[in-house]
Amino acid sequence: MLVPGTKHAHSSRSDFGVTKQAHSRREFLTRAASAAALGHFGTTALSGVSASATPKHIARGRSATGEPIPYGAAVRADALAGDASYRAAIVSNCQFIVPEGEMKWPDVRPSRAEYRFEKADAIVDFARMNNIKVRGHTLAWYGGMPAWTDDIGSRAEAERELVTHIESIVGRYRGIIPSWDVVNEPIEDWPKAGKVLRPSIWTKHLGPDYLRIALRAAAGSDPSVQLVLNEYDIEFKGPRFAARRRALLELLRQLRDSGAPLHALGLQAHLFADREIDRDGLQSFLSDVKAMGLDILITELDVVDYELPGDVAERDALVAGTAGKFLQAVFEVVRPKAILTWGLSDRYTWVPTYFKRPDGMPNRPLPLDAEFKPKPLFAVIEEFRRNA
Ligand code: XIL
(Lines give C-alpha, C1' and ligand atoms only; values in the text may rest on other atoms or scores of the structure.)
Protein backbone atom coordinates (compact mmCIF):
# COMPACT_ATOMS: atom_id res chain seq x y z
CA MET A 1 0.00 0.00 0.00
CA LEU A 2 1.15 3.51 -0.74
CA VAL A 3 0.12 6.40 1.44
CA PRO A 4 -1.01 9.87 0.42
CA GLY A 5 1.82 12.20 -0.37
CA THR A 6 4.24 9.41 -1.22
CA LYS A 7 6.44 10.69 -4.01
CA HIS A 8 6.38 8.91 -7.29
CA ALA A 9 9.49 6.79 -7.47
CA HIS A 10 10.35 6.16 -11.09
CA SER A 11 11.88 2.77 -11.54
CA SER A 12 14.59 2.50 -14.15
CA ARG A 13 12.67 -0.38 -15.67
CA SER A 14 9.39 -0.17 -17.51
CA ASP A 15 7.20 -3.24 -17.78
CA PHE A 16 6.28 -2.25 -21.29
CA GLY A 17 8.73 0.35 -22.52
CA VAL A 18 9.21 0.35 -26.26
CA THR A 19 12.18 2.68 -26.18
CA LYS A 20 14.87 1.03 -24.14
CA GLN A 21 16.59 4.27 -23.19
CA ALA A 22 15.69 5.25 -19.63
CA HIS A 23 15.44 8.85 -18.53
CA SER A 24 16.10 9.97 -14.99
CA ARG A 25 13.35 11.68 -13.02
CA ARG A 26 15.39 14.87 -13.16
CA GLU A 27 15.56 14.75 -16.96
CA PHE A 28 11.86 14.07 -17.09
CA LEU A 29 11.04 16.95 -14.80
CA THR A 30 13.25 19.29 -16.81
CA ARG A 31 11.49 18.25 -19.99
CA ALA A 32 8.09 18.71 -18.41
CA ALA A 33 9.07 22.13 -17.09
CA SER A 34 10.34 23.35 -20.43
CA ALA A 35 7.23 22.00 -22.16
CA ALA A 36 5.15 24.04 -19.73
CA ALA A 37 7.34 27.09 -20.33
CA LEU A 38 6.81 26.71 -24.07
CA GLY A 39 3.10 26.75 -23.41
CA HIS A 40 2.43 23.37 -25.00
CA PHE A 41 -0.84 23.19 -23.15
CA GLY A 42 -1.61 26.87 -23.47
CA THR A 43 -2.28 27.68 -19.85
CA THR A 44 -3.96 31.04 -19.51
CA ALA A 45 -5.42 31.68 -16.08
CA LEU A 46 -9.11 32.37 -16.28
CA SER A 47 -9.38 34.80 -13.42
CA GLY A 48 -8.14 38.27 -14.23
CA VAL A 49 -8.25 37.86 -18.01
CA SER A 50 -10.27 40.57 -19.64
CA ALA A 51 -13.06 39.44 -21.88
CA SER A 52 -12.91 40.48 -25.51
CA ALA A 53 -15.09 39.68 -28.46
CA THR A 54 -13.76 36.81 -30.51
CA PRO A 55 -13.94 37.30 -34.26
CA LYS A 56 -14.99 34.21 -36.15
CA HIS A 57 -12.32 33.14 -38.57
CA ILE A 58 -10.99 30.03 -40.13
CA ALA A 59 -8.42 29.03 -37.58
CA ARG A 60 -5.06 27.89 -38.84
CA GLY A 61 -4.06 24.45 -37.71
CA ARG A 62 -0.44 25.40 -37.12
CA SER A 63 0.81 27.53 -34.30
CA ALA A 64 3.13 30.47 -34.86
CA THR A 65 6.00 28.01 -34.48
CA GLY A 66 4.57 25.75 -37.18
CA GLU A 67 3.92 22.87 -34.80
CA PRO A 68 0.93 20.64 -35.51
CA ILE A 69 -1.64 20.41 -32.73
CA PRO A 70 -0.58 17.63 -30.35
CA TYR A 71 -2.53 14.39 -30.72
CA GLY A 72 -3.12 11.83 -28.01
CA ALA A 73 -5.30 8.91 -26.97
CA ALA A 74 -6.72 7.24 -23.89
CA VAL A 75 -4.75 4.12 -22.98
CA ARG A 76 -5.24 1.00 -20.85
CA ALA A 77 -2.44 -0.21 -18.59
CA ASP A 78 -3.33 -3.89 -19.11
CA ALA A 79 -3.21 -3.57 -22.89
CA LEU A 80 0.08 -1.66 -22.73
CA ALA A 81 1.54 -4.45 -20.60
CA GLY A 82 0.32 -7.28 -22.82
CA ASP A 83 0.17 -6.10 -26.42
CA ALA A 84 3.38 -5.13 -28.23
CA SER A 85 1.58 -3.92 -31.39
CA TYR A 86 -0.56 -1.62 -29.27
CA ARG A 87 2.52 -0.21 -27.54
CA ALA A 88 4.19 0.42 -30.89
CA ALA A 89 1.07 2.15 -32.27
CA ILE A 90 0.83 4.41 -29.23
CA VAL A 91 4.51 5.32 -29.42
CA SER A 92 4.45 6.13 -33.09
CA ASN A 93 1.22 8.16 -33.05
CA CYS A 94 0.75 9.85 -29.69
CA GLN A 95 2.35 12.99 -28.31
CA PHE A 96 0.46 12.29 -25.13
CA ILE A 97 -1.73 9.71 -23.47
CA VAL A 98 -4.42 9.73 -20.80
CA PRO A 99 -5.35 6.76 -18.61
CA GLU A 100 -8.84 5.49 -19.48
CA GLY A 101 -9.56 4.46 -15.89
CA GLU A 102 -6.33 4.03 -13.95
CA MET A 103 -6.43 7.47 -12.30
CA LYS A 104 -10.14 7.30 -11.40
CA TRP A 105 -11.30 6.82 -7.82
CA PRO A 106 -12.07 3.08 -7.96
CA ASP A 107 -8.54 2.26 -9.12
CA VAL A 108 -6.72 4.74 -6.88
CA ARG A 109 -8.98 4.45 -3.81
CA PRO A 110 -10.38 0.89 -3.65
CA SER A 111 -10.95 1.49 0.07
CA ARG A 112 -10.90 4.59 2.23
CA ALA A 113 -7.47 3.81 3.64
CA GLU A 114 -5.80 2.65 0.45
CA TYR A 115 -4.06 4.65 -2.26
CA ARG A 116 -2.97 2.43 -5.13
CA PHE A 117 -0.92 3.90 -7.93
CA GLU A 118 0.61 0.81 -9.56
CA LYS A 119 -1.35 1.07 -12.82
CA ALA A 120 -1.21 4.85 -12.98
CA ASP A 121 2.55 4.70 -12.36
CA ALA A 122 2.93 2.07 -15.08
CA ILE A 123 1.28 4.40 -17.60
CA VAL A 124 3.36 7.37 -16.45
CA ASP A 125 6.55 5.27 -16.66
CA PHE A 126 5.65 4.07 -20.15
CA ALA A 127 5.09 7.66 -21.23
CA ARG A 128 8.35 8.83 -19.68
CA MET A 129 10.35 6.05 -21.34
CA ASN A 130 8.89 6.98 -24.71
CA ASN A 131 8.95 10.74 -24.44
CA ILE A 132 5.15 11.04 -24.36
CA LYS A 133 3.25 13.44 -22.10
CA VAL A 134 0.40 12.36 -19.83
CA ARG A 135 -2.93 14.05 -19.12
CA GLY A 136 -4.63 13.22 -15.83
CA HIS A 137 -8.28 12.03 -15.74
CA THR A 138 -10.22 12.61 -13.46
CA LEU A 139 -10.63 14.02 -9.93
CA ALA A 140 -14.20 15.18 -9.27
CA TRP A 141 -16.81 13.11 -11.15
CA TYR A 142 -20.21 11.74 -10.28
CA GLY A 143 -19.51 8.45 -12.07
CA GLY A 144 -17.78 5.26 -11.07
CA MET A 145 -17.23 6.15 -7.44
CA PRO A 146 -16.16 3.30 -5.12
CA ALA A 147 -18.95 2.06 -2.80
CA TRP A 148 -17.14 3.19 0.35
CA THR A 149 -17.69 6.85 -0.58
CA ASP A 150 -21.43 6.33 0.16
CA ASP A 151 -20.43 6.27 3.82
CA ILE A 152 -19.18 9.86 3.68
CA GLY A 153 -21.58 11.48 6.12
CA SER A 154 -20.85 15.18 6.47
CA ARG A 155 -19.69 18.27 4.68
CA ALA A 156 -16.39 18.33 6.56
CA GLU A 157 -15.71 14.68 5.75
CA ALA A 158 -16.54 15.15 2.06
CA GLU A 159 -14.25 18.15 1.78
CA ARG A 160 -11.46 16.31 3.58
CA GLU A 161 -11.74 13.24 1.31
CA LEU A 162 -11.94 15.28 -1.90
CA VAL A 163 -9.04 17.56 -1.01
CA THR A 164 -6.80 14.79 0.35
CA HIS A 165 -7.45 12.67 -2.73
CA ILE A 166 -6.61 15.51 -5.10
CA GLU A 167 -3.52 16.56 -3.16
CA SER A 168 -2.28 12.97 -3.14
CA ILE A 169 -2.62 12.25 -6.84
CA VAL A 170 -1.88 15.68 -8.32
CA GLY A 171 1.00 16.06 -5.87
CA ARG A 172 2.38 12.64 -6.75
CA TYR A 173 2.69 13.61 -10.41
CA ARG A 174 3.65 17.24 -9.83
CA GLY A 175 5.86 18.44 -12.69
CA ILE A 176 5.09 15.23 -14.59
CA ILE A 177 1.40 15.55 -15.52
CA PRO A 178 0.95 19.03 -17.06
CA SER A 179 -2.82 18.91 -17.56
CA TRP A 180 -5.67 17.46 -15.44
CA ASP A 181 -9.38 16.93 -16.05
CA VAL A 182 -10.15 18.20 -12.57
CA VAL A 183 -13.93 18.29 -12.98
CA ASN A 184 -15.66 15.78 -15.21
CA GLU A 185 -19.26 16.00 -16.47
CA PRO A 186 -20.66 18.47 -13.89
CA ILE A 187 -23.82 19.32 -15.87
CA GLU A 188 -27.14 17.41 -15.65
CA ASP A 189 -28.06 15.35 -18.70
CA TRP A 190 -30.89 17.78 -19.48
CA PRO A 191 -30.40 20.77 -17.19
CA LYS A 192 -33.48 22.71 -16.09
CA ALA A 193 -33.83 25.93 -14.11
CA GLY A 194 -32.65 25.26 -10.56
CA LYS A 195 -31.39 21.78 -11.50
CA VAL A 196 -28.18 22.27 -13.38
CA LEU A 197 -25.51 20.30 -11.55
CA ARG A 198 -25.49 16.54 -11.86
CA PRO A 199 -26.08 14.96 -8.46
CA SER A 200 -23.08 13.23 -6.93
CA ILE A 201 -21.55 12.44 -3.59
CA TRP A 202 -19.90 15.87 -3.92
CA THR A 203 -23.06 17.91 -4.62
CA LYS A 204 -24.83 16.00 -1.84
CA HIS A 205 -22.43 17.24 0.82
CA LEU A 206 -20.74 20.30 -0.70
CA GLY A 207 -23.33 21.66 -3.13
CA PRO A 208 -21.88 23.75 -5.97
CA ASP A 209 -18.84 24.55 -3.79
CA TYR A 210 -17.33 21.21 -4.74
CA LEU A 211 -16.17 22.68 -8.05
CA ARG A 212 -14.16 25.48 -6.46
CA ILE A 213 -12.83 23.18 -3.76
CA ALA A 214 -11.58 20.67 -6.33
CA LEU A 215 -10.04 23.30 -8.61
CA ARG A 216 -8.28 25.04 -5.73
CA ALA A 217 -6.94 21.77 -4.34
CA ALA A 218 -5.52 20.85 -7.76
CA ALA A 219 -3.99 24.31 -8.27
CA GLY A 220 -2.45 24.18 -4.80
CA SER A 221 -0.96 20.74 -5.42
CA ASP A 222 0.75 21.75 -8.66
CA PRO A 223 0.58 25.45 -9.52
CA SER A 224 1.87 24.83 -13.05
CA VAL A 225 -0.83 22.35 -14.01
CA GLN A 226 -3.46 23.15 -16.63
CA LEU A 227 -6.86 22.85 -14.89
CA VAL A 228 -9.57 21.53 -17.17
CA LEU A 229 -13.33 21.17 -16.81
CA ASN A 230 -14.44 18.36 -19.13
CA GLU A 231 -17.97 17.92 -20.53
CA TYR A 232 -19.88 15.89 -23.15
CA ASP A 233 -22.94 16.35 -25.42
CA ILE A 234 -22.17 19.98 -26.20
CA GLU A 235 -22.08 19.95 -29.99
CA PHE A 236 -25.42 18.63 -31.25
CA LYS A 237 -28.65 20.17 -32.52
CA GLY A 238 -31.72 20.01 -30.28
CA PRO A 239 -33.14 21.53 -27.12
CA ARG A 240 -31.28 19.25 -24.70
CA PHE A 241 -27.91 20.18 -26.18
CA ALA A 242 -28.76 23.90 -26.33
CA ALA A 243 -29.74 23.70 -22.64
CA ARG A 244 -26.43 21.99 -21.86
CA ARG A 245 -24.44 24.73 -23.62
CA ARG A 246 -26.36 27.46 -21.76
CA ALA A 247 -25.91 25.72 -18.41
CA LEU A 248 -22.22 25.10 -18.99
CA LEU A 249 -21.56 28.69 -20.01
CA GLU A 250 -23.38 29.94 -16.93
CA LEU A 251 -21.35 27.57 -14.75
CA LEU A 252 -18.07 28.76 -16.28
CA ARG A 253 -19.10 32.38 -15.63
CA GLN A 254 -19.97 31.60 -12.01
CA LEU A 255 -16.60 29.93 -11.53
CA ARG A 256 -14.82 32.91 -13.04
CA ASP A 257 -16.76 35.37 -10.88
CA SER A 258 -15.92 33.37 -7.76
CA GLY A 259 -12.22 33.50 -8.63
CA ALA A 260 -11.88 29.73 -9.06
CA PRO A 261 -8.74 28.72 -10.96
CA LEU A 262 -9.59 27.20 -14.34
CA HIS A 263 -7.65 27.25 -17.61
CA ALA A 264 -9.48 25.22 -20.20
CA LEU A 265 -12.69 23.55 -21.25
CA GLY A 266 -12.44 19.98 -22.50
CA LEU A 267 -14.94 18.97 -25.17
CA GLN A 268 -15.21 15.20 -24.86
CA ALA A 269 -16.73 14.90 -28.35
CA HIS A 270 -18.22 11.43 -28.20
CA LEU A 271 -19.97 11.96 -31.52
CA PHE A 272 -22.85 10.08 -33.16
CA ALA A 273 -23.17 10.04 -36.94
CA ASP A 274 -26.97 10.26 -36.71
CA ARG A 275 -26.89 13.40 -34.53
CA GLU A 276 -26.46 16.66 -36.38
CA ILE A 277 -23.68 19.01 -35.27
CA ASP A 278 -25.22 22.39 -34.32
CA ARG A 279 -22.64 24.53 -36.10
CA ASP A 280 -24.11 27.89 -35.09
CA GLY A 281 -24.91 26.86 -31.53
CA LEU A 282 -21.48 25.31 -30.99
CA GLN A 283 -19.64 28.22 -32.56
CA SER A 284 -21.44 30.86 -30.54
CA PHE A 285 -20.79 28.81 -27.38
CA LEU A 286 -17.09 28.44 -28.22
CA SER A 287 -16.76 32.16 -28.97
CA ASP A 288 -18.16 32.95 -25.54
CA VAL A 289 -15.85 30.45 -23.84
CA LYS A 290 -12.86 31.79 -25.74
CA ALA A 291 -13.76 35.37 -24.80
CA MET A 292 -13.55 34.33 -21.15
CA GLY A 293 -9.87 33.52 -21.70
CA LEU A 294 -10.33 29.77 -21.55
CA ASP A 295 -8.47 27.39 -23.85
CA ILE A 296 -10.30 24.56 -25.61
CA LEU A 297 -9.14 20.94 -25.74
CA ILE A 298 -10.79 18.05 -27.53
CA THR A 299 -10.40 15.32 -24.95
CA GLU A 300 -12.28 12.11 -25.86
CA LEU A 301 -13.16 12.16 -29.55
CA ASP A 302 -14.70 9.02 -31.06
CA VAL A 303 -17.72 8.30 -33.25
CA VAL A 304 -20.29 5.87 -31.91
CA ASP A 305 -21.24 3.64 -34.84
CA TYR A 306 -23.76 1.15 -33.44
CA GLU A 307 -26.59 2.34 -35.67
CA LEU A 308 -24.51 2.84 -38.81
CA PRO A 309 -24.59 0.45 -41.80
CA GLY A 310 -22.61 -2.77 -41.51
CA ASP A 311 -20.59 -2.13 -44.67
CA VAL A 312 -17.16 -1.21 -43.36
CA ALA A 313 -16.11 1.27 -46.05
CA GLU A 314 -19.44 3.07 -45.84
CA ARG A 315 -19.32 3.11 -42.04
CA ASP A 316 -15.73 4.37 -41.89
CA ALA A 317 -16.62 7.19 -44.28
CA LEU A 318 -19.61 8.22 -42.14
CA VAL A 319 -17.47 8.14 -38.98
CA ALA A 320 -14.76 10.28 -40.59
CA GLY A 321 -17.33 12.68 -42.08
CA THR A 322 -18.99 13.19 -38.70
CA ALA A 323 -15.67 14.01 -37.03
CA GLY A 324 -14.78 16.31 -39.94
CA LYS A 325 -18.00 18.34 -39.53
CA PHE A 326 -17.35 18.71 -35.81
CA LEU A 327 -13.70 19.70 -36.23
CA GLN A 328 -14.55 22.17 -39.00
CA ALA A 329 -17.08 23.91 -36.75
CA VAL A 330 -14.58 24.08 -33.89
CA PHE A 331 -11.61 25.23 -35.99
CA GLU A 332 -13.59 28.07 -37.53
CA VAL A 333 -13.70 29.61 -34.04
CA VAL A 334 -10.77 28.32 -32.04
CA ARG A 335 -7.62 26.28 -32.48
CA PRO A 336 -7.82 23.54 -29.82
CA LYS A 337 -4.69 23.09 -27.75
CA ALA A 338 -4.85 19.33 -28.18
CA ILE A 339 -6.89 16.61 -29.84
CA LEU A 340 -7.30 13.31 -27.99
CA THR A 341 -9.38 10.33 -28.99
CA TRP A 342 -10.84 7.95 -26.40
CA GLY A 343 -8.62 5.09 -27.45
CA LEU A 344 -6.39 4.79 -30.50
CA SER A 345 -7.40 1.50 -32.08
CA ASP A 346 -10.78 -0.24 -32.47
CA ARG A 347 -9.11 -3.17 -30.67
CA TYR A 348 -9.55 -1.30 -27.37
CA THR A 349 -12.64 0.88 -27.16
CA TRP A 350 -15.26 1.56 -24.49
CA VAL A 351 -18.02 1.89 -27.15
CA PRO A 352 -19.31 -1.75 -27.21
CA THR A 353 -19.81 -1.70 -23.44
CA TYR A 354 -22.59 0.83 -23.95
CA PHE A 355 -23.34 0.78 -27.69
CA LYS A 356 -23.01 -2.77 -29.01
CA ARG A 357 -24.04 -3.22 -32.62
CA PRO A 358 -27.27 -5.20 -33.13
CA ASP A 359 -25.66 -7.08 -36.06
CA GLY A 360 -22.86 -8.33 -33.79
CA MET A 361 -20.14 -6.71 -35.92
CA PRO A 362 -17.29 -5.04 -34.01
CA ASN A 363 -17.53 -1.28 -33.47
CA ARG A 364 -15.17 0.99 -35.43
CA PRO A 365 -15.18 4.34 -33.57
CA LEU A 366 -11.44 5.14 -33.53
CA PRO A 367 -8.65 6.35 -35.88
CA LEU A 368 -6.90 2.97 -36.27
CA ASP A 369 -8.66 -0.32 -36.99
CA ALA A 370 -8.25 -3.40 -34.78
CA GLU A 371 -5.04 -4.28 -36.71
CA PHE A 372 -3.67 -0.75 -36.15
CA LYS A 373 -4.15 0.35 -39.75
CA PRO A 374 -5.18 3.99 -40.23
CA LYS A 375 -8.82 4.58 -41.17
CA PRO A 376 -10.38 7.65 -42.81
CA LEU A 377 -10.93 9.12 -39.32
CA PHE A 378 -7.16 9.12 -38.83
CA ALA A 379 -6.69 11.15 -42.02
CA VAL A 380 -9.33 13.68 -40.95
CA ILE A 381 -7.66 14.28 -37.60
CA GLU A 382 -4.24 14.57 -39.27
CA GLU A 383 -5.65 17.08 -41.74
CA PHE A 384 -6.98 19.33 -39.02
CA ARG A 385 -4.02 19.11 -36.70
CA ARG A 386 -1.56 19.74 -39.51
CA ASN A 387 -3.96 22.03 -41.35
CA ALA A 388 -4.07 20.75 -44.88
C1 XIL B 1 -15.14 5.22 -19.53
C2 XIL B 1 -14.05 4.20 -19.80
O3 XIL B 1 -13.70 4.25 -21.14
C4 XIL B 1 -14.56 2.84 -19.44
O5 XIL B 1 -13.54 1.88 -19.62
C6 XIL B 1 -15.05 2.88 -18.00
O7 XIL B 1 -15.59 1.70 -17.64
C8 XIL B 1 -16.10 3.94 -17.80
O9 XIL B 1 -15.59 5.16 -18.20
N10 XIL B 1 -16.58 10.03 -20.47
C11 XIL B 1 -15.48 10.04 -19.63
C12 XIL B 1 -14.69 8.82 -19.47
O13 XIL B 1 -15.12 11.10 -19.13
O14 XIL B 1 -14.10 8.74 -18.19
C15 XIL B 1 -15.48 7.59 -19.76
O16 XIL B 1 -14.58 6.48 -19.74
C17 XIL B 1 -16.17 7.70 -21.10
C18 XIL B 1 -17.13 8.85 -21.09
Side-chain angles (χ1 to χ4, degrees), residues 72-83 86 90 94 96-110 119-120 122-123 134-147 149 165-166 169 177 179-189 197-202 210-211 214 218 226-236 241 244 248 251 264-272 275 296-306 323 326 336 338-356 362-368 370:
V75 295
R76 298 179 178 175
D78 294 350
L80 282 175
D83 184 340
Y86 176 62
I90 295 287
C94 295
F96 53 97
I97 54 179
V98 55
E100 200 172 324
E102 292 81 350
M103 290 184 186
K104 289 174 179 166
W105 278 68
D107 278 45
V108 175
R109 304 290 301 283
K119 289 193 169 182
I123 289 173
V134 180
R135 296 200 67 244
H137 177 88
T138 182
L139 304 169
W141 189 28
Y142 79 95
M145 291 298 285
T149 56
H165 177 86
I166 291 175
I169 188 163
I177 292 188
S179 176
W180 267 101
D181 291 332
V182 179
V183 177
N184 200 32
E185 304 180 347
I187 301 289
E188 269 280 24
D189 219 32
L197 290 184
R198 192 186 281 273
S200 67
I201 188 80
W202 308 122
Y210 91 88
L211 297 152
Q226 180 188 51
L227 307 168
V228 181
L229 186 151
N230 200 36
E231 193 48 277
Y232 75 105
D233 274 2
I234 294 305
E235 49 276 305
F236 307 114
F241 308 107
R244 288 178 63 74
L248 180 52
L251 178 65
L265 172 66
L267 301 177
Q268 290 188 2
H270 295 291
L271 306 178
F272 292 75
R275 285 188 193 167
I296 301 289
L297 310 180
I298 295 170
T299 50
E300 306 186 11
L301 177 65
D302 56 13
V303 185
V304 176
D305 65 335
Y306 75 130
F326 166 74
I339 301 176
L340 286 93
T341 48
W342 204 242
L344 176 64
S345 149
D346 295 335
R347 188 177 291 191
Y348 303 108
T349 161
W350 73 302
V351 167
T353 317
Y354 299 88
F355 307 102
K356 224 184 238 325
N363 296 81
R364 300 175 64 85
L366 288 167
L368 305 186

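Indexing begins at 1, ligand by ligand and atom by atom, following the structure's order. Keep in mind that the numbers below use all heavy atoms, side chains included, and drop hydrogens, waters and symmetry copies.
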Output yes when the distance from some N or O of ligand 1 to some N or O of [X] is under 3.5 Å, and no in every other case.
| X | result |
| --- | --- |
| Gln268 | yes |
| Asn230 | no |
| Trp342 | yes |

- Message: Within this structure, what is the CD-CG distance for the pair Gln268 and Leu265, rounded to the nearest 0.5 Å?
- Response: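 Here the rounded value is 10.0 Å.
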- To the nearest 0.5 Å, what is the distance between CG (Asp181) and CG (Leu139)?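 It is 8.5 Å, given to the nearest 0.5 Å.
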Any idea which atoms of ligand 1 are less than 4.0 Å away from a heavy-atom of [X]?
| X | value |
| --- | --- |
| His270 | 10 (N), 18 (C) |
| Trp350 | 3 (O), 17 (C), 18 (C) |
| Lys104 | 1 (C), 2 (C), 8 (C), 9 (O), 12 (C), 14 (O), 15 (C), 16 (O) |
| His137 | 11 (C), 12 (C), 13 (O), 14 (O) |
| Glu300 | 10 (N), 11 (C), 12 (C), 13 (O), 17 (C), 18 (C) |

- Query: Would a distance-only check, ignoring hydrogens and angles, find a side-chain to backbone donor-acceptor pair under 3.5 Å from Thr353 to Trp350?
  - Reply: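 A pair under 3.5 Å: yes.
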- Item | Cation-aromatic face contact Arg76/Tyr348, 6.0 Å, 45 degrees |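 No; the conditions do not both hold, so Arg76 does not lie above the ring face of Tyr348.
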- Message: Within the structure, is a non-hydrogen atom of Arg76 found at a distance of less than 4.0 Å from ligand 1?
- Response: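 Contact absent.
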- Message: With salt bridge (charged side-chain N to carboxylate O under 4.0 Å, His left out) as the test, pick out the partner of Arg244 among Glu231, Glu185, Glu188.
- Response: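 The option that passes is Glu231.
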- Message: Just to be sure I read this right, does ligand 1 sit under 4.0 Å from the backbone of Tyr232, its side chain, both, or neither, counting only heavy atoms?
- Response: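 None of Tyr232 does.
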- Query: Which bit of Asn184 is near ligand 1, meaning a heavy atom under 4.0 Å away: side chain, backbone, both or neither?
  - Reply: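 Side chain only; the backbone of Asn184 stays clear of ligand 1.
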- Item | Stepwise side-chain hydrogen bond (donor to acceptor under 3.5 Å, both in side chains) check, Trp105 with His165 | CA-CA 9 Å; Trp105 278 68; His165 177 86; 3.3 Å; yes
- Message: Strictly below 4.0 Å, N to O, side chains only: are Arg275 and Asp233 in salt-bridge contact?
- Response: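 Yes, charged N to carboxylate O under 4.0 Å.
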- Identity and distance of the protein heavy atom lying nearest atom 7 (O) of ligand 1: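 The protein heavy atom lying closest is Tyr354 OH, 4.3 Å.
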- Could you check atom 4 (C) of ligand 1 against the protein and tell me its nearest heavy-atom contact, residue, atom and distance included?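 The closest heavy atom on the protein side is Glu100 OE2, 3.9 Å.
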- Message: Measuring only between side-chain heavy atoms, which start at C-beta, is Phe96 closer than 4.5 Å to Val75?
- Response: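 Heavy-atom side-chain distance check fails, nothing below 4.5 Å.
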- Of the options Met103, Glu102, Glu300, Glu100, which is the one that meets His137 in a side chain to side chain contact (heavy atoms under 4.5 Å, CB included)?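 Only one option passes, and that is Glu300.
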